[in-house]
Amino acid sequence: MTKYGFYFDSSCCSGCKTCQVACKDKNDLTEGIRFRRVYEVCGSAWEKDSKGTWVPDIVAYNLSVACNHCENPSCVAACPTKAMHIGNDGIVLVDPDKCVGCRYCEWACPYGAPQYNPQKGIMQKCDFCSDYIKEGKKPVCVTSCLMRALDFDTLENLESHYGANRDVFPLPHSGQTGPAVIIKAHPGAAKAKELKASIINREEVRNDR
Amino acid sequence: MAMQLSAGIILIYDLFLLSPLYRTRVDIPARFQWILMIALTAALVGVAFSLMHLGNPGNATRTLANLHSSWLSREIFSVLAYTLLLAVVTILHFTMPSAARSLKWMVDFTAISGIVLVFIMSRIYMIPTRPAWNSVFTPLGFYLAAIILGSSLLLIFQINHGSWASQKLLAILSFSIPLIQLAILPVFMAWLGQKDLVSGNALAIILDNHMAAFYLRLGFFILAIGFGIWAFFSIRSDTLRNHLLFTPAILAWAAILAAQIIDRYLFYAQNLPAEGF
């Protein structure tokens with residue numbers, strides 16, 4: 001079975017959010033629903049240099065996160081109706097005819113991927129732009145990225161091009177769910193935890209509907 | 001919380017009122033039928049509220065499809081099983097009061113299914129993505145809430161009719177459980193504060209944004225303890241003086257209910273996702 005995945009280069013993402021907007025446009029998403037979200041991670045501290053001067057040490061980078069179509073998706077395990085399921089090609093999908101809108105998948109997903117649509121009373125999420133894939137195209141977030149920070153392919157191809165790293169602060173450890181995403185971390189990410197970095201645009205990205 | 005009230009009523013009813021304290025009586029007293037009716041009503045209210053928070057209740061029948069891995073699916077199954085059992089027990093108590101005592105095994109079974117239900121309800125919240133909920137404090141809190149809501153309500157039903165011993169037992173529960181809840185609170189807060197960043201943020205949210213509710217809950221806990229102790233010392237072996245129990249028992253139940261409602265509000269206020277996602 002072909003397993004698709006995203007690649008995200010955090011070191012060159014400018015945080016323009018074009019991917020987020022393109023996704024909303026393509027999927028005709030109403031206010032508050034974001035299949036892809038750009039998280040701004042920021043942290044700082046003061047440190048003493050060799051001359052004894054206190055200088056600021058700052059880290060700031062962006063993370064563009066959508067559904068990672070995990071190998072062991074916690075949303076699928078949590079869904080009481082089996083509306084959330086893994087499709088034939090490994091894509092995690094919501095069956096709108098089965099979804100009861102309990103939002104338990106939203107709690108269970110460590111990436112906040114499932115989004116509640118109050119108008120329809122059901123959950124919705126990224127499906128890798130399945131219709132585009134069938135036409136041989138890449139998902140709209142990938143093709144719209146100005147910095148070419150996003151890519152899409154089979155996981156096998158992505159790993160051969162970009163390596164196999166799936167972890168970056170503050171994403172949950174990839175061992176939890178096996179996300180189908182390859183990440184090139186921002187150089188500053190290595191000391192983000194030490195600098196107590198955190199997501200600074202929570203109000204913007206949270207799904208509070 | 002309605003489900004916990006219901007499960008608590010049945011558990012306390014089964015443990016304390018159907019057992020040796022009433023061994024001398026042949027029939028189930030009429031008020032016990034109404035105790036069961038209240039428990040059933042609370043369970044039905046719980047079911048109705050569960051349906052109301054669904055975005056698409058039309059698909060509710062599908063929620064039993066994932067018993068294999070979904071705690072929510074298991075909860076819905078347990079709710080249905082418990083409510084069905086309770087309905088049968090209640091109907092039997094109303095239609096065959098003289099035979100009801102011989103059907104105690106059914107009440108036992110319903111009480112056990114209530115205990116299982118409360119555990120499954122708490123398990124729904126114990127997920128890695130919600131660090132503030134993911135601990136033994138969640139089932140502990142749910143069980144204590146069920147016991148205190150049930151015992152304080154049954155104390156009211158025991159006024160004028162209940163035995164001295166059962167009144168004493170229920171009054172002790174009415175002040176000792178809030179006392180335990182009050183004692184656990186600083187332990188829970190200390191645990192939240194040191195567990196991880198997200199749990200620390202959950203604690204900060206309570207202390208920064210919900211301070212009034214936090215103090216109100218403390219106040220109601222203390223009131224519940226006070227009224228419970230007052231109720232305990234108002235119990236007389238002389239049944240003609242049972243009316244002395246009425247005021248403190250009612251006040252204790254009201255304070256306990258208020259404390260549990262605020263407690264649940266604060267519980268949901270700690271709904272912070274791990275890592276901010």
Side-chain angles (χ1 to χ4, degrees), chain A residues 37 39-41 63 65 68 72-85 95-113 116-124 168-173 176-177 193 196-202 205-209, chain B residues 47 49-80 120-134 138 196-202 204-205 209 267-277:
Chain A
R37 300 158 304 285
Y39 295 89
E40 297 167 6
V41 185
L63 287 177
V65 179
N68 293 317
N72 302 304
S74 49
C75 58
V76 172
C79 178
T81 64
K82 291 190 177 176
M84 195 71 80
H85 65 284
D95 183 340
D97 296 329
K98 288 183 181 172
C99 182
V100 76
C102 66
R103 303 180 73 166
Y104 196 43
C105 53
E106 187 184 3
W107 281 7
C109 173
Y111 302 98
Y116 181 64
N117 185 328
Q119 275 86 41
K120 296 181 178 175
I122 56 168
M123 303 306 293
Q124 294 182 306
V168 65
F169 181 85
L171 286 181
H173 189 266
Q176 279 185 35
T177 58
K193 199 166 188 178
K196 293 183 179 170
S198 61
I199 294 163
I200 57 165
N201 64 334
R202 280 210 177 97
V205 292
R206 76 174 179 199
N207 182 4
D208 53 2
R209 296 165 69 85
Chain B
V47 172
F49 271 97
S50 303
L51 284 172
M52 276 164 63
H53 85 252
L54 296 178
N56 187 10
N59 275 347
T61 49
R62 292 185 184 272
T63 51
L64 295 171
N66 198 6
L67 291 169
H68 170 67
S69 69
S70 172
W71 283 103
L72 194 57
S73 221
R74 291 169 191 162
E75 187 221 19
I76 291 153
F77 176 78
S78 321
V79 163
L80 293 178
I120 293 175
M121 283 169 75
S122 69
R123 198 60 189 73
I124 285 173
Y125 299 93
M126 294 167 69
I127 46 177
T129 50
R130 294 295 184 275
W133 289 345
N134 192 17
T138 299
D196 53 37
L197 189 65
V198 183
S199 303
N201 287 341
I205 281 177
N209 304 346
F267 177 80
Y268 284 115
Q270 295 159 21
N271 179 6
L272 280 192
E275 323 292 357
F277 293 99

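All chains are named by letter (A, B, ...) in the order of the sequence lines, taking the proteins before the strands, and each is independently numbered beginning at 1. Values below: all heavy atoms of this structure, side chains included; hydrogens, waters and symmetry mates excluded.
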**Student:** Looking at B/Ile124 and A/Tyr104, what are the two nearest heavy atoms and their distance?
**Tutor:**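 Scanning both residues completely, I find the closest heavy atoms to be O-OH, 2.6 Å.
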
**Student:** For B/Ile127, is it the side chain, the backbone, both, or neither that has a heavy atom closer than 4.5 Å to a heavy atom of chain A?
**Tutor:**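 Answer is side chain: those atoms of B/Ile127 sit under 4.5 Å from chain A.
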
**Student:** Between A/Glu106 and B/Arg130, what is the shortest heavy-atom contact and its length?
**Tutor:**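 Nearest pair, atom of A/Glu106 first, then B/Arg130: O-NH2, 4.1 Å.
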
**Student:** Name the option with the most non-hydrogen atom pairs under 4.5 Å to chain B; the candidates are A/Ala78, A/Ala108, A/Cys102, A/Ala77.
**Tutor:**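 Winner by heavy-atom pair count: A/Ala77.
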
**Student:** Taking everything shown except B/Phe77 itself, do over 12 heavy atoms lie less than 6.0 Å from its CZ?
**Tutor:**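 Open: at most 12 neighbouring heavy atoms sit under 6.0 Å from CZ of B/Phe77.
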
**Student:** Judged by atom type as modelled, is there a donor-acceptor pair below 3.5 Å linking the side chain of B/Asn56 to the main-chain atoms of A/Ile122?
**Tutor:**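 No.
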
**Student:** Identify the two heavy atoms, one from A/Val76 and one from B/Asn66, that lie closest to each other, and give their separation to 0.1 Å.
**Tutor:**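 Taking every non-hydrogen atom into account, O-ND2, 3.5 Å.
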
**Student:** B/Asn59 and A/Pro96: which non-hydrogen atoms are nearest, and at how many Å?
**Tutor:**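 Smallest heavy-atom distance, with atoms named: ND2-O, 4.2 Å.
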
**Student:** Quick check on side-chain contact (heavy atoms from CB on, under 4.5 Å): which of B/Leu54, B/Thr61, B/Ile76 does A/Val100 satisfy it with?
**Tutor:**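 Testing A/Val100 for a side-chain contact (heavy atoms from CB on, under 4.5 Å) against B/Leu54, B/Thr61, B/Ile76 leaves exactly one candidate, B/Leu54.
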
**Student:** Can any side-chain N or O of B/Thr63 pair as donor or acceptor with the backbone N or O of A/Pro80 at less than 3.5 Å?
**Tutor:**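 Judged by distance alone, no pair lies under 3.5 Å.
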
